[in-house]
Amino acid sequence: MRSSEFLITTHRETPADAEIISHQLMLRSGLIRKLSAGLYTWMPVGLRVLRKVEQVVREEMEAAGALELAMPMVQPAELWQESGRWEKYGPELLRIQDRHQRDFCLGPTHEEVITEIVRGEINSYKQLPLSLYQIQNKVRDEIRPRFGIMRAREFLMKDAYSFHVSRKSLETTYQRMHEAYSKIFARLGLEFRPVLADTGSIGGSTSHEFHVLADSGEDAIAFSDGSDYAANVELAEATADLSTRPAPSETMSTIATPGVKTIGDLCAALSIAEEKTAKTLFVEAAGGGLIALVIRGDHELNAIKAEKHSLIASPLRMAAEEEVTALTGAAFGSLGPVNLQVPVIVDYSAALCADFVCGANVDNQHLQGVNWDRDVTSYETADLRSVVAGDPSPDGQGRLQIRRGIEVGHIFQLGSQYSEAMNATVLDEHGKSVALEMGCYGIGVSRIVAAAIEQNHDDRGICWPSTMAPFQLAIVPLNMHKSEAVATAAESLYKSCIELGIEVLLDDRTERPGVKFSDIELLGIPHRIVIGDRSLATGSLEYQGRRDAESQSLAQSAALEFLKERLG
RNA sequence: CGGGGCGUAGCGCAGUCUGGUAGCGCACCACACUGGGGGUGUGGUGGUCGUCGGUUCAAAUCCGGCCGCCCCGACCA
C-alpha cells in the first residue's frame, strides 16, 4: 500500500474527552472516529487491525472444531419472549418496531436465535456435539458508554454456542474452548488471566472470564501468588479459620465518642487500627424487615455475595437512616451488633476478632473489648466482604494479589436453561427426548484492539504486537520527489516486499521526514526502513524496530534477507 | 436514572461575568523558501456560536425550554 493512495488521518492533538490512553491513541492515530456516544467508525487503518484480530479468533475457533455461520442482527421479539429475556434483559436491549408495529430488537447476544436454529435443524444425538460461532456487530444500549471502543454501544463480538446431549460432553467442549481462548490471547501477544466469574444475567453454572491486565481496567481480579487460582473480586472467596480466634482478654465497656461518624474518625479518636473495629450495616431481610451485617472496619461489603445469602433480600437494599434509628435508637456512626432485635450475620473476618470496638447503638458512644459469643450470642457467620490484597488464597496456597483487568472474553456452561425454555430437544441413544446441554463463549473483538493498546504503547504512540499490526513494515523514503536515487531504491524495495507477501506501507507522501516518522510511530508499525540520500551514498538503508532505541544500518543488498528473517 | 461539567471552523481553545458587525493555535488550499524528527514566510478556504423561544434598537454573551456530549455511580464482550 502506498500512503499516497491510502487514508492516513492522524491528529496532532488529543481530543479533550478521551480519558484513557487507548482511546486517545485510537483517535489520534485515526483508527476510529466517533459518530455519536458509543458509536464509532472504523477507519481504513483501524479496520485492518480489527480484521487481524478477527482472523486469529477465526483460526482458533476452527481449530477448536467450531463452524462459522452468520445470524441476523435484527431479531423478533417473540423469541425473546419465549426465553423470558424480553422482560428480563432490561433497557440495554435496544428495541425497534417495523412498519407493521411488530416488535424487534437489535441483538446484544444470540442465545435465542441459535437455540431456535438448533431446535429446527438438530434432531439426533448423532449430530452432536455441535459448536457454531459468528463474528458480528452486537448492539447494547449501555447505560454509560465509555473509553471509546472499550465500552461501545455497537461493538464487534465473536459469539460461539455449543450443544450437547450430556453434561460431560459440555464440559469437554468448555475445556477445549478455554484452551482455544488462551491460545488466541497468547497469539495476540497479550498479558492475560482466565478467572473464575459470576454468571450474571446470561445464567448458567460454571463460568470463566479472560482478562487482559491493565491499570485502566474496569474490573478488579484477585489471583494467588502461590497457585493458578484467579477470580473476579466479586466472586473470590474470603476464607477464615474461626478456630484460630483469640480468647477474650478485656471486659466490655462503654466509651464516649462525641462526633465520631466513621471508622476513620473512630480509629483516630482511639488511636487503634481499623482491623480492631467492626462496622454494622443494615439491609433489607429476605422476608422483609431489617438484618444486620457486621464487617471488619477495614473491609468492604460485597453486594453480590450478600444478596446470594438466603436471609438477605435480593437485590440488596441498604436501610435508610430513619429505619435504622427506629430499630436501634442510634444514628449512622454509632451502630453495633450488641443487643440487637434483628438477625445478625457476621463476616468471617469480623467473626475472627476478639476485644474489638463497635458502636453502642447509642449516639456518640462506642463499646470496646467486645467479644463474640460472650457479648453477642445469637449470630451466624458468612462470607460477606470483598477480598483484599494479602488475603489467603481460597485454595490454601499462597496469598491473593489484586490487579485490574479488561474483560475480553467470557465463557459459560449454560446447561439446559435456554433449551428447556425454548423446547430444544433431541432423541438420545435410547430414543428418549432430552433437552440440550448448552455452552456459550464470547470474545470482545473490538475491545481487544483497545486492550492491546493499553498494554502496548509508549510516549510516541502504539507499539502493535506483530499479529495485530495494520502493516508489518513501513518504508520511509526521504525527499523521494527530489532524489532519483531514493525513489528508485524505495520503489524497488517496495516491489520486492510485495512479492514476498510482506504487508508494507510505502510512505510516498511529500511530507517532511519528521512528519512521516511521527505518523509511522503513532500508528505503531512494527518495522521501519528509512531510505535517504545520506545512507544510500554508502549503499545502505536504515532499519529500526518500533521498540528499538536506535536504528541500525543495513547493506542495501542484504536488506531483503534481513527483512525476511526479522519479519518471519 | 441520580450527582457534576461542557456545547463557538475538522481538532484544541479564547470571547460570555460587564450585550455593540466572531477570534487564536493546529489542520486544510496556493505560492515561495526549506528538506534526516510534526520547518518558515506571504496570501487564502472554512462557523445559521447545539437548538427553539423570550428580553432588547442590538444577543455567542441576559432569561426559559429542549437536544447532544463528557466525567462519577448501578451494567458487560
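Per chain, numbering begins at 1; letters A, B, ... match sequence-line order. Just so we're clear, the structure is a prediction, and the values are computed from it rather than from any experiment.
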Polar pair under 3.5 Å, donor/acceptor by atom type, side chain [X], base [N]:
X	N	answer
K516(A)	rG38(B)	no
R28(A)	rG38(B)	yes
R140(A)	rC76(B)	no
R528(A)	rG36(B)	no
D519(A)	rG38(B)	yes
E13(A)	rG25(B)	yes
H481(A)	rG35(B)	yes

Would you mind reading off the distance between [X] atom [atom1] and [N] atom [atom2], rounded to a whole angstrom?
X	N	atom1	atom2	answer
Y161(A)	rA77(B)	OH	C1'	11 Å
D141(A)	rA77(B)	CG	P	16 Å
E550(A)	rG36(B)	CD	C1'	15 Å
H11(A)	rC28(B)	NE2	C1'	13 Å
F412(A)	rC76(B)	CZ	P	9 Å
M43(A)	rG10(B)	CE	C1'	11 Å
N232(A)	rC76(B)	CG	P	11 Å

Cut-off 3.5 Å, side chains only: do [X] and [Y] have a donor facing an acceptor?
X	Y	answer
Y441(A)	R176(A)	no
Q134(A)	Y161(A)	no
E59(A)	Q55(A)	yes

Note: D507(A)-R509(A) ion pair, threshold 4.0 Å (strictly below):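 Salt bridge present between D507(A) and R509(A).
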Would the distance check show the side chain of [X] and the main-chain N or O of [Y] forming a donor-acceptor pair, the cut-off being under 3.5 Å?
X	Y	value
R28(A)	H11(A)	yes
S535(A)	S540(A)	yes
N456(A)	A452(A)	yes

Single hit among I443(A), V408(A), T467(A) for side-chain contact (heavy atoms from CB on, under 4.5 Å) with I184(A):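 The side-chain contact (heavy atoms from CB on, under 4.5 Å) with I184(A) is passed solely by I443(A) among I443(A), V408(A), T467(A).
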Summary of protein contacts for nucleotides 66-71 of chain B, nucleotide by nucleotide, where a base hit scores B, a sugar-phosphate-only hit scores S (4.0 Å, heavy atoms): ---SSS
[X] side-chain proximity, nearest of [options]:
X	options	answer
I143(A)	rA74(B), rG36(B), rA77(B)	rA74(B)
R151(A)	rC76(B), rG38(B), rG35(B)	rC76(B)
P15(A)	rG12(B), rC75(B), rU34(B)	rG12(B)
T10(A)	rA77(B), rG10(B), rG38(B)	rG38(B)
R534(A)	rG37(B), rG36(B), rA27(B)	rG36(B)
H410(A)	rA77(B), rG37(B), rG38(B)	rA77(B)

Distance below 4.0 Å between R512(A) side-chain N/O and rG39(B) OP1 or OP2: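 No, R512(A) has no side-chain N/O under 4.0 Å of OP1/OP2 on rG39(B).
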Shortest non-hydrogen contact between H309(A) and A382(A), atoms and distance: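 Nearest pair, atom of H309(A) first, then A382(A): CD2-CB, 3.7 Å.
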Nearest-Å distance once atom C1' is located in both rU48(B) and rC71(B):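 So the two C1' atoms sit 30 Å from each other.
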Pairwise 5' ranking along RNA chain B for S446(A) and K482(A), keeping only the more 5' one: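 Nearest-nucleotide comparison on RNA chain B picks K482(A).
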Earlier contact from the 5' end, RNA chain B, for N479(A) and R447(A):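 Here N479(A) is the residue nearer the 5' end.
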Pair assignment for rA77(B), Watson-Crick or G-U wobble, requiring both distances under 3.5 Å: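 Looking at the geometry, rA77(B) pairs with no nucleotide.
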F155(A)-rA77(B) aromatic stacking (under 5.5 Å, under 30°):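 According to the criterion (under 5.5 Å, under 30°), yes, F155(A) stacks.
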